Every structure is written in structure tokens, then in C-alpha cells.
Chemist: 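Sending over a structure as C-alpha cells; questions will come in a sec.
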Amino acid sequence: MVRIDFLATAIVAALCGSVTANNCKNGIDYCGRGLLNKGNYYQDIIQSLQNAHQPTDQAHVEDSVFHCGGPDTIPFQRFCGSGRCANGGNNHDDFCN
């Protein structure tokens, strides 16, 4: 019985660790596209765009830059109007191309 409890605890801990690992990193700018690839940020992106009085179409969702202020805090920074939002690489800010 103890073995099953230990195994269940280990599985839950592993799953929790993988969920938090996909959060944005505080202080880094991310393209909307990158946030969507990291996790369930769609509603946060929509809310951030609405707060900034920006359209919520697919282009603005994917090609806007958001600043990670924590797992659920991603204020809108800018829309990459004529270009696309580009991935800056690990631990580097994304940017408008």
C-alpha cells in the first residue's frame, strides 16, 4: 500500500512540475504565438489586448508582444503591424521583425 501511495505522489509531483515549467519567465517579452505554444494563454492574451484597447483578431493574438510579469500577468506591449513577431531565443526578449 505504501508503494502505491509513493508512486501516486511521485506522478502528481512530476505533472505539477511540468505545468509550472511552461509558464512564461518573469521579465521576458513574448510573442503571442510563443505564449500559446507555452501553455493556455489564449484568454490572458485576449484580456490583455482588450485592456490595451487593441483588436482581438488572430493577427493581434499571434503577432503582438506581451511582457511576462508572472504566470497570469502578460500586459500588451506592441503589435508587430507590418512584420511578424520573432522569437528572441531562450531567456531573450521576442521582438517585432
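Just so you know, these numbers come straight off a predicted model, no measurement behind them.
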Chemist: Looking only at heavy atoms, what is the nearest atom pair of Ile46 and Val61, with distance?
Modeler: CD1-CG2, 3.8 Å

Chemist: Which heavy atom in His67 sits nearest to a heavy atom in Asp29, and how many Å separate them?
Modeler: ND1-OD1, 2.6 Å

Chemist: Is there side-chain contact between Phe66 and Ile45, with at least one heavy-atom pair below 4.5 Å?
Modeler: yes

Chemist: May I ask you to decide if Ile74's main-chain N or O and Ser48's side chain share a donor-acceptor pair within less than 3.5 Å?
Modeler: yes

Chemist: With sequence neighbours excluded, what pairs up with Asn87 under the side chain to side chain contact (heavy atoms under 4.5 Å, CB included) test?
Modeler: Asp94

Chemist: Could you grab the distance from atom CG of Leu35 to atom CG of Asp44, nearest 0.5 Å is fine?
Modeler: 8.5 Å

Chemist: Leu49, Val65: one ILVMFWY side-chain cluster at the under-4.5 Å cut-off?
Modeler: no

Chemist: Would you check if Asn51 and Phe76 make a side-chain contact, meaning some heavy-atom pair closer than 4.5 Å?
Modeler: no

Chemist: Please tell me whether Gln50 and Gln54 have a donor and an acceptor in their side chains that are separated by less than 3.5 angstrom.
Modeler: no

Chemist: How about Cys31 and Cys80 - are their SG atoms less than 2.5 Å from one another?
Modeler: no

Chemist: Could you report the tightest heavy-atom contact between Cys85 and Glu62, atom names first, then the distance?
Modeler: CB-O, 4.2 Å

Chemist: Could you pull out all residues at least two apart from Ile28 that satisfy side chain to side chain contact (heavy atoms under 4.5 Å, CB included)?
Modeler: Lys25, Tyr30, Asp93

Chemist: Calculate, to the nearest 0.5 Å, the distance between atoms CZ and CD belonging to Phe95 and Gln77 respectively.
Modeler: 15.5 Å

Chemist: Are we looking at SG atoms under 2.5 Å apart for Cys24 and Cys68?
Modeler: yes

Chemist: Could you tell me the separation between the OG atom of Ser64 and the CG atom of Asp57, rounded to the nearest 0.5 Å?
Modeler: 8.5 Å

